[in-house]
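Everything on this sheet refers to the single structure shown next.
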Amino acid sequence: MISTQDWADTRCLWAYHQMGHTPRPCSVALGLGSHDLGVADTAVDLYRTGMAPLLVFSGATSATTLERMPRGEAVHYRERALELGVPSSAVMVEPRARNTGENIRFSRQLLAEAGIEVSSVLLISKPYEERRAYATARKLWPDVEIVSASSPMTLEEYVDSIGDARLVIDMLVGALQRLLIYPAQGFMISQPIPDDVVEAYERLCRRGFTSRLLLDGAGQTRSQAHQ
């Protein structure tokens with residue numbers, strides 16, 4: 001049972017996870033691999049509107065994408081972009097990354113080896129991963145400007161697209177935990193997290209929305225994470 005308070009707390013996390021950046025022309029658009037082909041669709045939409053002359057798709061295969069994307073997330077994203085009319089010359093593939101940090105590091109290496117100068121990156125992720133992707137990129141690629149983007153949709157629309165409300169809440173809670181604990185581990189920059197967001201996160205943890213939490217940091221509060 002998902003209560004009215006649970007939904008209110010989920011909307012609080014959803015709003016915080018989104019950066020609210022306005023897309024603008026960048027050197028390259030980087031689509032982070034996942035189960036969600038909507039990332040590729042959004043990258044294509046941004047390419048068509050002149051926001052980036054080049055698309056890079058990054059991602060290997062994970063346990064959650066093996067069945068749906070057996071050739072690898074980045075490869076399937078590329079195939080989707082080509083189906084939608086993007087020329088192959090405008091798409092690069094980074095097929096090794098298995099987490100957000102590797103997405104950034106391996107894509108940066110790929111572009112450098114290709115001699116492509118990058119001053120700004122349009123970073124495309126799932127809607128609830130915008131802030132995590134931004135914080136990771138700022139840590140690992142500090143000399144470029146990062147503009148976060150995702151498929152424009154409401155929480156309700158995203159839940160409908162996934163078809164599992166509880167899983168979506170679990171994913172939002174897990175993403176918030178990483179924003180709390182990863183800066184101290186050197187994986188991303190630290191960002192201010194408002195008290196109401198932390199309180200919403202802690203209530204959802206107590207309510208059992210914990211399947212996507214890291215076990216060694218489950219239930220960790222902001223103050224604990226920064227000790």
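- A donor-acceptor pair under 3.5 Å is absent between the side-chain atoms of T136 and the main chain of G101, judged by distance alone.
- In terms of hydrophobic clustering, with Ile, Leu, Val, Met, Phe, Trp and Tyr side chains grouped at heavy-atom distances under 4.5 Å, L55 and L37 are assigned to a common cluster.
- Residue R203 qualifies as enclosed at atom CZ: its count of foreign heavy atoms under 6.0 Å is above 12.
- Between the side chains of E145 and S120, no donor-acceptor pair of N or O atoms lies under 3.5 Å.
- Atom NZ of K126 and atom OG of S161 lie 11.5 Å apart (nearest 0.5 Å).
- In this structure, CG on L32 lies 12.5 Å from CD on E102, to the nearest 0.5 angstrom.
- E94 places a side-chain N or O within donor-acceptor distance of the main-chain N or O of A97, the cut-off being under 3.5 Å.
- Using a 4.5 Å heavy-atom cutoff, the side chains of W14 and T154 are not in contact.
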Report the C-alpha distance between D143 and R108 in whole Å, list the side-chain angles of each, state the deciding distance to 0.1 Å, and finish with yes or no for salt bridge (Lys or Arg N to Asp or Glu O under 4.0 Å). CA-CA 11 Å; D143 55 337; R108 180 180 183 182; 3.6 Å; yes
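- In this structure, W141 and R105 have side chains that are not in contact, with every pair of non-hydrogen atoms separated by 4.5 Å or more.
- In this structure, R166 forms a cation-pi arrangement with F209, its terminal cationic atom sitting closer than 6.0 Å to the ring centre and no more than 45° off the ring axis.
- Taken together through direct or relayed side-chain contacts under 4.5 Å among Ile, Leu, Val, Met, Phe, Trp and Tyr, L140 and F187 form parts of separate hydrophobic clusters.
- Checking L167, T10, V168 one by one against V159, the side chain to side chain contact (heavy atoms under 4.5 Å, CB included) holds for a single residue, V168.
- Note that the CD1 atom of I124 and the OG1 atom of T42 stand 6.5 Å from one another [nearest 0.5 Å].
- Note: Y77 and F57 have perpendicular aromatic rings, judged against thresholds of 30 and 60 degrees for the angle between ring planes.
- The residue from I104, L30, V121 that alone fulfils the side chain to side chain contact (heavy atoms under 4.5 Å, CB included) condition with I146 is V121.
- Between D170 and R212 there is no salt bridge, since no side-chain N of the basic residue sits under 4.0 Å from a carboxylate O of the acidic one.
- You'll find the side chain of R71 reaches within 4.5 Å of the side chain of H76, heavy atoms only.
- One hydrophobic cluster holds both V144 and M19 under the rule that ILVMFWY side chains link at heavy-atom gaps under 4.5 Å.
- A side-chain donor-acceptor contact under 3.5 Å links E130 and S150.
- Using a 4.5 Å heavy-atom cutoff, the side chains of L214 and Y182 are in contact.
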Evaluation steps, side chain to side chain contact (heavy atoms under 4.5 Å, CB included), between S88 and R78: CA-CA 8 Å; S88 60; R78 179 182 184 275; 3.4 Å; yes
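- Looking only at side-chain heavy atoms (C-beta outward), M92 and L110 come within less than 4.5 Å of each other.
- L122 and A149 make their closest contact through CD1-CB, 4.2 Å (heavy atoms, listed as atom of the first residue, atom of the second, distance).
- Contact annotation: the side chain of W7 approaches that of L155 to within less than 4.5 Å [non-hydrogen atoms, C-beta and beyond].
- Between Q191 and R131, some side-chain heavy-atom pair lies under the 4.5 Å cut-off.
- Here the side chains of Q18 and P127 are in contact, with some heavy-atom distance below 4.5 Å.
- Looking at N103 and T100, their side chains never bring a donor and an acceptor atom within 3.5 Å of each other.
- Under the 3.5 Å distance criterion, the side-chain polar atoms of S148 are left unmatched by any main-chain donor or acceptor of L123.
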Between E156 and R11, does the salt bridge (Lys or Arg N to Asp or Glu O under 4.0 Å) criterion hold? Intermediate values first, please. CA-CA 9 Å; E156 290 74 16; R11 291 187 185 94; 3.2 Å; yes
Applying side chain to side chain contact (heavy atoms under 4.5 Å, CB included), run through V28 and I116 and close with a yes or a no. CA-CA 9 Å; V28 63; I116 297 171; 5.9 Å; no
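- Placement of L213 and I193 within a single hydrophobic cluster is found when ILVMFWY residues are connected by side-chain heavy-atom separations under 4.5 Å, directly or transitively.
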Applying side chain to side chain donor-acceptor pair (under 3.5 Å), run through S3 and D6 and close with a yes or a no. CA-CA 5 Å; S3 70; D6 295 336; 3.1 Å; yes
